[in-house]
Amino acid sequence: MEAPHLERKLVAILAADIEGFSSHMERDEVGTLAILSSHRLIIDASIAEFAGRITSTAGDSVLAEFASVVSVINCAMQIQDLLADENAKLGEAERLFLRIGINVGDVMMKDGDIFGDGVNIAARLESLAEPGGICVTRGVRDHLRGHPIAFEDLGEQKVKNIAQPVRAFRVRMGEAADELIDPVLEGTRVDGPSMAALSIAEEV
């Protein structure tokens with residue numbers, strides 16, 4: 001039987017879930033779900049504000065696509081800042097911390113959902129992120145050169161069900177960007193407007 005035609009496109013992918021969600025549910029199901037609902041209002045509103053599209057949700061997880069790397073990182077940082085403010089109002093045991101992974105890659109689309117290695121890598125990066133933190137691929141970091149965002153290089157990471165290691169970077173929230181130049185990137189730098197200012201569609 002002939003395989004159905006699947007649309008492909010290049011997007012920035014945000015994958016997120018709550019750290020230790022099962023433990024929170026075991027401790028207090030009703031209270032945890034109420035706090036999750038409040039957090040989701042912030043998450044969903046931020047994704048919409050930065051022109052993202054939520055493609056799927058399951059329990060405490062969210063998957064969304066964006067046409068711009070700048071938009072997805074700004075969205076992720078806003079989400080974590082707003083959730084930090086919300087968590088500060090809660091008791092220590094009640095706080096729900098979101099972990100976010102971001103990748104840019106080619107995906108397949110079917111019935112509004114997105115699939116492929118690009119999605120899988122974003123999900124694996126989310127598991128590398130600290131509670132309340134953001135982890136991105138080298139491709140995302142490269143798009144954001146020139147923007148006031150600081151990164152910590154986590155090196156090559158072997159992630160589940162992905163054959164090749166993934167170079168991962170942690171966003172250092174609230175810190176100024178480093179002035180150090182990556183010699184590999186510097187050798188391939190293009191003069192003119194920052195690549196990060198372009199949407200993914202324009203780059204293609």
Side-chain angles (χ1 to χ4, degrees), residues 11-66 71-105 107-137 140 152 154 157-162 166 168-175:
V11 295
I13 306 147
L14 179 150
D17 76 354
I18 299 294
E19 187 268 337
F21 185 70
S22 297
S23 297
H24 286 286
M25 287 292 287
E26 184 178 10
R27 177 186 56 81
D28 179 5
E29 286 185 345
V30 175
T32 297
L33 286 176
I35 295 168
L36 176 63
S37 296
S38 177
H39 280 16
R40 276 298 306 271
L41 291 175
I42 292 171
I43 295 166
D44 294 2
S46 294
I47 290 172
E49 178 182 343
F50 287 94
R53 183 180 74 89
I54 295 175
T55 63
S56 63
T57 60
D60 63 311
S61 67
V62 178
L63 182 68
E65 63 168 351
F66 294 75
S71 293
V72 72
I73 195 68
N74 286 339
C75 177
M77 294 178 72
Q78 174 172 294
I79 287 171
Q80 295 295 32
D81 285 342
L82 294 175
L83 292 186
D85 292 341
E86 289 299 303
N87 280 328
K89 304 172 187 175
L90 303 172
E92 186 172 348
E94 299 174 308
R95 295 169 184 169
L96 301 183
F97 293 99
L98 195 71
R99 302 177 300 180
I100 296 177
I102 299 174
N103 182 34
V104 57
V107 300
M108 296 177 290
M109 294 189 62
K110 183 177 185 297
D111 299 328
D113 290 334
I114 56 176
F115 305 89
D117 279 351
V119 176
N120 297 336
I121 290 171
R124 301 310 177 201
L125 283 177
E126 160 230 293
S127 66
L128 296 176
E130 297 177 337
I134 304 165
C135 190
V136 308
T137 57
V140 173
E152 175 187 349
L154 301 179
Q157 298 285 327
K158 178 63 178 174
V159 295
K160 184 178 178 181
N161 297 331
I162 302 297
V166 177
F169 292 80
R170 179 177 69 87
V171 176
R172 302 202 320 245
M173 302 286 288
E175 297 184 37

Legend entry - Residues His39 and Asn87: side-chain donor-acceptor under 3.5 angstrom: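 Their side chains do contain a donor-acceptor pair, which is all the 3.5 Å distance test asks for.
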Inset, instruction - Verify the distance criterion only: is there a donor paired with an acceptor across the side chains of Asp113 and Thr55 at less than 3.5 Å? - result: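 No - no donor-acceptor pair under 3.5 Å links their side chains.
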With the side chain counted from C-beta on, respond yes when [X] and [Y] share a heavy-atom pair under 4.5 Å apart, and no when they do not.
X      : Y      : answer
Thr57  : Arg40  : yes
Ile47  : Val62  : yes
Gln80  : Ile100 : yes
Ile13  : Val107 : yes
Phe169 : Val140 : no

[X] side-chain N/O to [Y] backbone N/O, donor-acceptor pair under 3.5 Å:
X     : Y     : answer
Ser61 : Ala58 : yes
Glu94 : Gly91 : yes
Arg27 : Ala93 : yes
Asp17 : Leu98 : no
Ser46 : Ile79 : no

Mind checking the [atom1]-[atom2] spacing from [X] to [Y]? Nearest 0.5 Å is all I need.
X     : Y      : atom1 : atom2 : result
Glu19 : Phe97  : CD    : CZ    : 8.5 Å
Gln78 : Leu83  : CD    : CG    : 10.0 Å
Cys75 : Ile134 : SG    : CD1   : 9.0 Å
Met77 : Asn74  : CE    : CG    : 7.5 Å
Phe66 : Ile102 : CZ    : CD1   : 8.0 Å
Ser71 : Glu49  : OG    : CD    : 10.5 Å

Legend entry - side-chain contact (heavy atoms from CB on, under 4.5 Å) evaluation trace for Phe21 with Thr32: CA-CA 8 Å; Phe21 185 70; Thr32 297; 3.6 Å; yes
Legend entry - Criterion side-chain contact (heavy atoms from CB on, under 4.5 Å) on Val119 and Leu63, from CA distance to verdict: CA-CA 8 Å; Val119 176; Leu63 182 68; 3.7 Å; yes
Inset, instruction - Kindly give the heavy-atom pair with the smallest separation between Asp60 and Ile18, and that separation in Å. - result: OD2-N, 3.0 Å
Inset, instruction - Looking only at non-hydrogen atoms, find the nearest pair between Leu36 and Leu96 and report the distance. - result: N-CD1, 3.7 Å
Legend entry - Electrostatic pair Lys89-Glu86, nearest N-O below 4.0 angstrom: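 So Lys89 pairs with Glu86 through a salt bridge.
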Inset, instruction - Start with the C-alpha gap between Arg99 and Glu130, add the side-chain angles, then the distance that decides, and say whether salt bridge (Lys or Arg N to Asp or Glu O under 4.0 Å) holds. - result: CA-CA 6 Å; Arg99 302 177 300 180; Glu130 297 177 337; over 6 Å; no
Inset, instruction - Begin with the C-alpha distance, continue with both residues' side-chain angles, and end with the deciding distance and a verdict on salt bridge (Lys or Arg N to Asp or Glu O under 4.0 Å) for Arg53 and Glu65. - result: CA-CA 5 Å; Arg53 183 180 74 89; Glu65 63 168 351; 2.6 Å; yes
